[in-house]
Amino acid sequence: MSDRWRSSPMPPYSYISSTSDTAAPASSMRDDDPSSSHPPYNNTNAVQDPPLTPALPPPMMSMSTSTATPPSTSTPLSDIPLEKLHQQLLPITIPHTSLKAHFTNWGQSYTCSPSVVFEPETEEQCAVILEVARREGETVRAAGVGHSPSDLACTKGYMLRTEKLCRVLEVNTEKRYVVAEGGITLNALHAALAEHGLAMINVGSISDQTLAGVVTTATHGTGLGFKVISTHVQALVLLLADGSRRRCSRNEHAELFMASLCGLGSTGLILQIQMEVGPAFRLKERQTSLGFTEVVDRLDAYASASEHVRLWWFPQADTIRLSCADRTTEPRKPAASFLWHSVIGYHVVQFLLFVGIYVRAINPWIARLTVWLDRAPTLTVDDSWRVFNLDCKYPQFTTEWALPYTSTAACLLELRTWLDNEHRSPTGLRPHFPLEIRFSDQDDIWLSPSSGTRTTWIGIIQYKPYGFNVPYRKLFAQFEAILAKHGGRPHWAKAHSLKPVELRRLYPRCVSVSSLFSWQVNERNQRLFFFSHTDSTTLSESWKT
């Protein structure tokens with residue numbers, strides 16, 4: 001790597017966790033101090049007025065009636081000397097002495113030190129980054145806000161931060177679609193759409209993530225009648241490895257489009273996204289606590305009881321918290337459990353989780369305490385995205401798998417048997433809580449975990465109280481083994497242990513996607529767009545130079 005970008009070597013990316021399955025203080029790990037520039041996400045469904053009014057103004061947002069095009073240059077980039085290209089990039093190059101020169105994901109579970117971090121503001125600057133990468137034999141990794149709880153964004157090469165590529169380019173209220181740059185966060189998009197009386201059709205649990213990240217990982221909400229959010233995309237504008245700008249859709253460059261919808265960014269840099277939206281709406285959510293056996297015995301009835309159903313399972317208390325949400329025209333009525341969503345719920349539980357690192361026997365008791373804190377039935381009426389979103393509390397390790405809906409009951413029963421055995425054993429694992437269970441309809445996206453089958457998503461979590469590491473590898477390995485036994489496939493944005501050969505078996509279209517990589521190379525015959533899942537873990541073996 002040229003010294004023009006940096007004056008000192010940087011180590012490759014690493015896990016922010018101990019090398020064994022034992023706890024270690026976060027202060028001993030690089031970029032893992034909770035007091036650093038990576039604070040825990042703390043989104044809540046707090047009361048906000050007026051209805052359907054954005055809570056936060058979207059940064060750098062502008063409105064236009066048509067999709068913007070990048071400025072043109074009189075001289076092709078290929079004809080500009082490399083040194084001049086370097087000079088063009090200096091204003092958007094993060095100094096290696098800055099904290100932003102290092103990357104840590106939101107969950108504080110992975111960190112890396114890219115060779116260079118760029119923060120472009122225009123499509124033209126992105127094209128210059130790719131041109132330099134091709135000439136210098138570097139790979140490029142796009143990263144947004146770092147929400148993914150995996151090493152998906154980690155790299156030793158170039159990192160392109162998309163946070164300033166965040167404009168809304170068009171809002172069409174008649175045809176109900178929006179065109180936005182890929183780096184816009186869902187929070188900002190909610191605000192922009194609300195100004196026009198529109199909203200996303202479905203949303204996952206988090207809105208502090210970029211739209212491009214949602215699209216390229218098949219992020220999902222919940223509801224048997226709703227597909228993953230990527231299916232709402234009508235068209236994409238990509239910056240390809242050769243520097244060309246290409247629009248694709250189901251009718252135009254269809255293969256590129258279908259591969260990009262859940263392609264982890266490996267097919268090109270997503271510049272613009274045209275996405276279907278709908279009229280703004282409120283949701284009426286009812287939450288209640290039920291016994292595990294009651295829910296599993298009547299799973300079909302509960303899963304289809306409302307438009308949007310999700311379950312939080314507390315195995316230690318044999319309890320499931322049921323959330324049922326439906327569209328409504330009723331006035332807003334925000335509600336929350338005082339004990340769970342207050343100082344008591346947040347700080348006391350975090351302190352107890354910290355104690356549980358060293359006194360493992362109290363972990364089941366903490367789960368039962370949490371069930372007690374949030375035991376009362378609740379009723380909430382609020383703007384859709386506020387109900388869809390939830391407070392993820394603390395930094396965490398997490399993994400989530402998708403399995404055929406028809407296998408859900410059998411899988412949950414096997415998970416229950418396993419976890420009961422762990423709790424009965426004096427030396428057994430002591431997992432945190434809850435396991436989240438959501439549902440989605442089948443889709444036709446090549447690499448979507450719900451491609452071709454109605455799907456249940458089951459996620460497991462291990463919190464990192466105050467940023468301290470906790471044991472999780474053995475727990476996740478056994479969880480994955482059970483989900484795999486029942487036909488499960490991992491969520492692309494979450495950490496998992498599957499290798500290329502296993503993933504090709506689960507995703508027959510991996511070969512189709514890999515064939516698109518043949519032209520995504522730089523001058524040293526290395527793949528220009530580089531992602532951990534598609535290089536070291538997923539679609540193909542290491543790319544040979």
- What's the verdict on side chain to side chain donor-acceptor pair (under 3.5 Å) for E170 and Q274, showing C-alpha distance, side-chain angles and the deciding distance? CA-CA 9 Å; E170 180 184 358; Q274 179 176 319; over 6 Å; no
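- For the pair M200/W385, no side-chain contact is recorded, criterion being any heavy-atom separation below 4.5 Å from C-beta on.
- Between N389 and I206, every side-chain heavy-atom pair lies at or beyond the 4.5 Å cut-off.
- Between W492 and T216 the shortest side-chain heavy-atom distance does not fall below 4.5 Å.
- In this structure a side-chain-to-backbone donor-acceptor pair under 3.5 Å is missing from E136 to V132.
- Across all their heavy atoms, A199 and V277 have their closest contact at O-CB, 3.4 Å.
- Between R310 and V387 the shortest heavy-atom distance is NH2-O, 2.9 Å.
- For the pair D151 (side chain) and Y110 (backbone), a donor-acceptor distance under 3.5 Å is absent.
- Between the side chain of N172 and the backbone N or O of K175, at least one donor-acceptor pair lies under 3.5 Å.
- Checked by atom type and distance alone, the side chain of K464 pairs as donor or acceptor with a backbone atom of Q108 at under 3.5 Å.
- The two residues Q234 and E276 have their closest heavy-atom pair at NE2-CB, 3.7 Å.
- Under the 4.5 Å side-chain criterion, counting only non-hydrogen atoms from C-beta, S207 is in contact with H190.
- Counting heavy atoms from C-beta on, the side chains of I80 and Q88 come closer than 4.5 Å.
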- Message: Walk me through whether E119 and R161 qualify under salt bridge (Lys or Arg N to Asp or Glu O under 4.0 Å).
- Response: CA-CA 5 Å; E119 200 171 45; R161 300 302 300 263; over 6 Å; no
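- One distance of note links OG1 of T398 with CD1 of I460; it measures 8.5 Å at 0.5 Å rounding.
- Qualifying side chain to side chain donor-acceptor pair (under 3.5 Å) partners for E307, counting only residues two or more places apart in sequence or in other chains: R327.
- Judged purely by atom type and a 3.5 angstrom limit, E480 has no side-chain atom pairing as donor or acceptor with the backbone of A477.
- The aromatic rings of F388 and F281 lie perpendicular to each other, with more than 60° between the two planes, well past the 30° mark.
- If you check the side chains of S448 and D443, you find a donor sitting under 3.5 Å from an acceptor.
- The backbone N or O of A495 lies less than 3.5 Å from no partner atom in the side chain of S150, so there is not a single donor-acceptor pair.
- In this structure, the side chain of R454 does not engage the main chain of Y405 through any donor-acceptor pair within 3.5 Å.
- Side-chain contact check for H102 and S113: at least one donor-acceptor pair (N or O, by modelled atom type) lies under 3.5 Å.
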- Working for side chain to side chain contact (heavy atoms under 4.5 Å, CB included), residues L85 and R135: CA-CA 11 Å; L85 294 178; R135 296 196 202 180; 3.6 Å; yes
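- Distance alone, capped at 3.5 Å, places no donor-acceptor pair between the T399 side chain and the K494 backbone.
- Going from atom NE2 of H232 over to atom CZ of F226 covers 8.0 Å, rounded to the nearest 0.5 Å.
- In this structure, the side chain of E252 does not engage the main chain of S249 through any donor-acceptor pair within 3.5 Å.
- A distance of 4.0 Å separates CD of Q125 from CD1 of I92, quoted to the nearest 0.5 Å.
- Put simply, OG1 on T122 and CZ on R167 are 8.5 Å apart, with the number rounded to the nearest 0.5 Å.
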- Query: Going through the checks in order, is the side chain to side chain contact (heavy atoms under 4.5 Å, CB included) test met by L240 and L256?
  - Reply: CA-CA 11 Å; L240 303 183; L256 179 62; 4.3 Å; yes
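- Nearest heavy-atom pair across I445 and S230 is CD1-CB, 3.5 Å.
- With contacts defined as side-chain heavy-atom distances shorter than 4.5 Å, the pair S78/E131 qualifies.
- Looking at E181 and L169, their side chains come closer than 4.5 Å, going by heavy atoms from C-beta outward.
- In this structure, OG1 on T222 lies 6.0 Å from CZ on F439, to the nearest 0.5 angstrom.
- In this structure, CZ in F257 is found 11.5 Å from CH2 in W446, a value given to the nearest 0.5 Å.
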- Message: Between L271 and L165, does the side chain to side chain contact (heavy atoms under 4.5 Å, CB included) criterion hold? Intermediate values first, please.
- Response: CA-CA 8 Å; L271 299 174; L165 301 168; 5.5 Å; no
- Message: Determine whether S205 and R438 satisfy the following criterion, side chain to side chain donor-acceptor pair (under 3.5 Å), listing intermediate values before the conclusion.
- Response: CA-CA 10 Å; S205 298; R438 291 178 285 174; 3.2 Å; yes
- Task: Go through the steps for L211 and L186 under the test side chain to side chain contact (heavy atoms under 4.5 Å, CB included), then give the verdict.
- Result: CA-CA 6 Å; L211 184 59; L186 297 194; 4.0 Å; yes
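- Contact between V228 and S450 at its shortest, heavy atoms only, is CG1-OG, 3.4 Å.
- The backbone N or O of R282 sits nowhere less than 3.5 Å from a side-chain atom of S384 that would complete a donor-acceptor pair.
- Ring geometry for H220 against W457 counts as parallel: the plane angle stays under 30°, on a 0 to 90° scale with 60° as the upper cut.
- The shortest side-chain heavy-atom distance between V145 and W106 does not fall under the 4.5 Å cut-off.
- Pairing each heavy atom of V140 with each of A133, the nearest pair is CG2-CB, 3.5 Å.
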